[in-house]
Number of protein chains: 2
Amino acid sequence: MDIQRKYTVSCQACSLNGLCMPHSLSEKEVEIVDAALKRSKPIQRNKTVFEAGDKFSSLYTVRSGAVKTFSVDREGDEHVIGFYLPGEMFGLDAINSGHHISSAKALETTAVCEIPFNRLEELSRRIPSMQSHMYRLLSHEISEDQQLQLLLGKKTAEERIGSFLLGLSSRYRQRHLSPTSFRLPMARTDIGNYLGLAVETVSRIFTRLQKNDILKVDGKEVCILDHHRLCEIAQKEPTYEAAARR
Amino acid sequence: MDIQRKYTVSCQACSLNGLCMPHSLSEKEVEIVDAALKRSKPIQRNKTVFEAGDKFSSLYTVRSGAVKTFSVDREGDEHVIGFYLPGEMFGLDAINSGHHISSAKALETTAVCEIPFNRLEELSRRIPSMQSHMYRLLSHEISEDQQLQLLLGKKTAEERIGSFLLGLSSRYRQRHLSPTSFRLPMARTDIGNYLGLAVETVSRIFTRLQKNDILKVDGKEVCILDHHRLCEIAQKEPTYEAAARR
DNA sequence: CGCTACCTTGATTTCGGTCAAGATACGTGG
DNA sequence: CCACGTATCTTGACCGAAATCAAGGTAGCG
């Protein structure tokens with residue numbers, strides 16, 4: 001079964017705020033896991049959740065709002081690594097080295113849920129489905145990252161933007177928001193940075209897609225008018241097919 | 001502590017053939033883990049270990065030889081995802097979906113070690129340091145993948161090749177082989193494919209680096225003559241600094 | 001020994017980056 | 001509520017790194 005499906009269903013059922021728990025947990029287990037979570041007060045736009053170099057102690061999930069992770073090189077240039085929407089977990093890259101190698105910043109007013117990692121390790125030993133879930137969550141991140149590598153290494157600017165928008169679209173659908181009409185929480189600069197493109201290129205492609213009646217763009221508001229043609233552009237089969245193959 | 005260090009030391013100590021076990025295991029535990037491993041007979045060059053679509057049941061480590069993982073798109077084009085040297089684990093991307101989404105093929109005569117995943121889950125519940133180790137291993141793969149994303153999205157052809165060679169160099173050092181003189185187990189085509197470059201570009205840059213006395217290339221034999229300048233080209237600090245920062 | 005796969009080198013083209021200049025939106029304080 | 005300044009976004013002109021096209025060269029294998 002696909003982790004993403006599991007996630008949406010169970011998040012609501014268990015009210016575990018984005019920990020994406022399997023629903024095989026008992027009442028009692030849900031209670032235990034829930035007790036381990038720390039819910040933060042809202043984080044203002046541009047405030048950081050953690051910074052590169054910070055000691056690693058917790059994983060985080062987005063409860064509301066949006067987060068970007070990024071690293072800064074010696075020349076001071078920022079490199080956007082990922083965007084996280086409600087229900088998604090971030091900070092996974094820090095488990096290995098014991099400190100954060102990237103920073104995380106709120107793209108808008110955001111609430112996160114903190115999960116102390118030592119508690120998580122402990123719980124996943126006691127609750128087998130929890131351990132299994134964590135393995136799958138980490139594995140899922142690896143597949144996604146490899147997907148992005150393919151995109152960055154082989155695809156044209158238009159294909160990248162197309163894939164990016166379709167990706168967002170399906171993530172919004174998963175949380176029962178409109179997959180055709182949504183607001184981009186990040187700036188054009190961030191999109192370009194993430195996709196390995198200049199801002200100007202992102203802008204130009206947005207207008208081109210708009211001219212071809214595939215997209216309607218108004219600032220950060222995006223409306224996908226022709227999902228099918230967008231898939232063609234992204235060199236991806238329509239999502240329902242992709243889902244069926246799983 | 002860095003997972004890679006742990007790994008080299010313990011692999012030898014425990015003789016667990018690349019499972020990269022922590023050395024905190026007791027005699028008894030080592031025995032148990034060792035019993036779960038299946039050692040394969042050698043795999044011929046170009047033979048697959050598993051193929052995309054196969055049901056996922058095991059993770060693999062390379063014992064000797066080398067492996068590449070790749071996916072094939074609808075047009076039949078291959079996309080190289082990664083190269084694996086002795087001691088490295090592959091197949092991690094399959095945990096989530098329950099079937100392999102990429103294929104793995106031997107680049108030369110290769111022996112692998114198979115680790116049934118259900119046994120691994122079970123063991124990691126019983127042996128806390130084993131679970132902790134697996135989390136770090138998965139997290140490490142995520143960091144590496146994100147590093148590659150940066151390379152693919154932002155770096156020039158020369159920087160990519162430079163980083164690639166330095167990466168190989170440090171992986172060879174980890175297994176106590178010469179970090180300055182080694183044999184590339186993969187074809188130029190595979191390198192280009194992996195780095196998002198045309199074969200011609202890879203070839204041209206190899207000759208250019210050779211002309212500048214940074215590299216000596218003879219077919220698949222590579223010798224790094226000027227490690228420091230190669231680091232500059234790769235936009236990376238020399239490895240000893242990188243190691244010190246950890 | 002010859003075939004095929006792999007590698008190298010050169011000539012030409014092209015996609016997307018860079019530079020430059022406006023336009024639009026946004027937050028702040030008067 | 002509006003004016004101002006700053007961020008962000010868009011559009012155009014030009015340029016360059018690497019892809020593509022083309023043609024030989026080399027090496028490993030049956």
Side-chain angles (χ1 to χ4, degrees), chain A residues 44-47 68 75 77-80 105-109 151-165 183-212 215-222 233 235, chain B residues 44-47 68 75 77-80 105-109 151-165 183-212 215-222 233 235:
Chain A
Q44 290 304 307
R45 182 180 143 89
N46 284 327
K47 295 279 177 254
K68 74 168 171 185
E75 283 87 50
D77 296 328
E78 189 174 303
H79 301 282
V80 176
K105 179 181 276 191
L107 290 168
E108 55 196 49
T109 305
L151 184 143
L152 293 169
K154 312 270 159 64
K155 294 197 176 187
T156 66
E158 205 169 41
E159 289 167 346
R160 294 183 203 194
I161 301 277
S163 298
F164 176 70
L165 290 171
R183 189 182 161 76
L184 300 170
M186 71 295 281
R188 299 281 191 277
T189 323
D190 288 331
I191 299 177
N193 192 318
Y194 176 66
L195 296 176
L197 300 171
V199 208
E200 293 94 324
T201 307
V202 177
S203 190
R204 271 186 261 269
I205 287 173
F206 272 17
T207 40
R208 193 194 308 165
L209 291 174
Q210 178 150 247
K211 275 203 185 95
N212 298 344
L215 229 60
K216 196 175 160 304
V217 189
D218 177 24
K220 309 214 156 179
E221 287 302 327
V222 170
I233 284 169
Q235 300 270 62
Chain B
Q44 291 304 307
R45 183 180 142 88
N46 283 327
K47 295 279 178 254
K68 75 168 172 185
E75 285 85 52
D77 296 330
E78 189 173 302
H79 301 282
V80 176
K105 179 180 277 190
L107 291 167
E108 55 196 50
T109 305
L151 185 142
L152 293 170
K154 313 268 160 64
K155 294 197 176 185
T156 66
E158 205 169 41
E159 289 168 346
R160 294 183 203 193
I161 302 276
S163 298
F164 176 69
L165 290 172
R183 188 183 161 77
L184 300 171
M186 71 295 281
R188 299 280 191 277
T189 325
D190 287 331
I191 298 177
N193 192 319
Y194 177 65
L195 298 175
L197 300 172
V199 209
E200 293 94 324
T201 307
V202 177
S203 188
R204 271 186 260 269
I205 287 174
F206 272 17
T207 39
R208 194 194 309 166
L209 291 175
Q210 177 149 247
K211 276 203 185 98
N212 298 344
L215 228 61
K216 196 175 162 307
V217 189
D218 177 25
K220 309 213 156 179
E221 286 303 328
V222 170
I233 284 170
Q235 300 269 62

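Below, chains carry the letters A, B, ... as their sequence lines are ordered, and counting in each starts from 1.
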Side-chain N or O of Thr189(A) closer than 4.0 Å to phosphate OP1/OP2 of dC9(D):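 Looking at the OP1 and OP2 atoms of dC9(D), one of them is under 4.0 Å from a side-chain N or O of Thr189(A).
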Short side-chain N/O contact to dG17(C) OP1/OP2 from Thr201(A), under 4.0 Å: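 The answer is yes; a side-chain N or O of Thr201(A) sits under 4.0 Å from OP1 or OP2.
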Sugar-phosphate only, base, or nothing, as touched by Gly192(A) at under 4.0 Å among non-hydrogen atoms: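 Nothing, no heavy atom under 4.0 Å.
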Touch class at under 4.0 angstrom, heavy-atom based, for Lys220(B) against every strand present: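 Lys220(B): backbone/sugar contact only, no base atoms under 4.0 Å.
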Of Arg160(B) and Arg45(B), the one whose closest DNA chain D nucleotide lies more 5':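 The residue mapped nearer the 5' terminus is Arg160(B).
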Result of checking Thr201(A), Thr156(A), Leu195(A) against Ile161(A) for side chain to side chain contact (heavy atoms under 4.5 Å, CB included):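 Only match with Ile161(A) under side chain to side chain contact (heavy atoms under 4.5 Å, CB included): Leu195(A).
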Check: Glu158(A) side chain, dC15(C) base, donor-acceptor under 3.5 Å: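 Side chain to base: no pair below 3.5 Å.
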Under-3.5 Å donor-acceptor pair between Arg204(B) side chain and dG10(C) base: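 When only heavy-atom distances are counted, Arg204(B) does reach the base of dG10(C) through a donor-acceptor pair under 3.5 Å.
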5′-ward residue of the pair Ala198(A)/Glu200(B) relative to DNA chain C: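 Taking each residue's closest nucleotide, the earlier one in sequence belongs to Glu200(B).
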Verdict with reasoning, Arg45(A) to Glu108(A), per salt bridge (charged side-chain N to carboxylate O under 4.0 Å, His left out): CA-CA 4 Å; Arg45(A) 182 180 143 89; Glu108(A) 55 196 49; over 6 Å; no
Can you tell me which nucleotide in [options] comes closest to the side chain of [X]?
{"X": "Ser203(B)", "options": "dC7(C), dG12(D), dA18(D)", "result": "dC7(C)"}
{"X": "Thr156(A)", "options": "dA18(D), dG16(C), dT8(C)", "result": "dG16(C)"}
{"X": "Ala187(A)", "options": "dG16(C), dA18(D), dT8(D)", "result": "dT8(D)"}

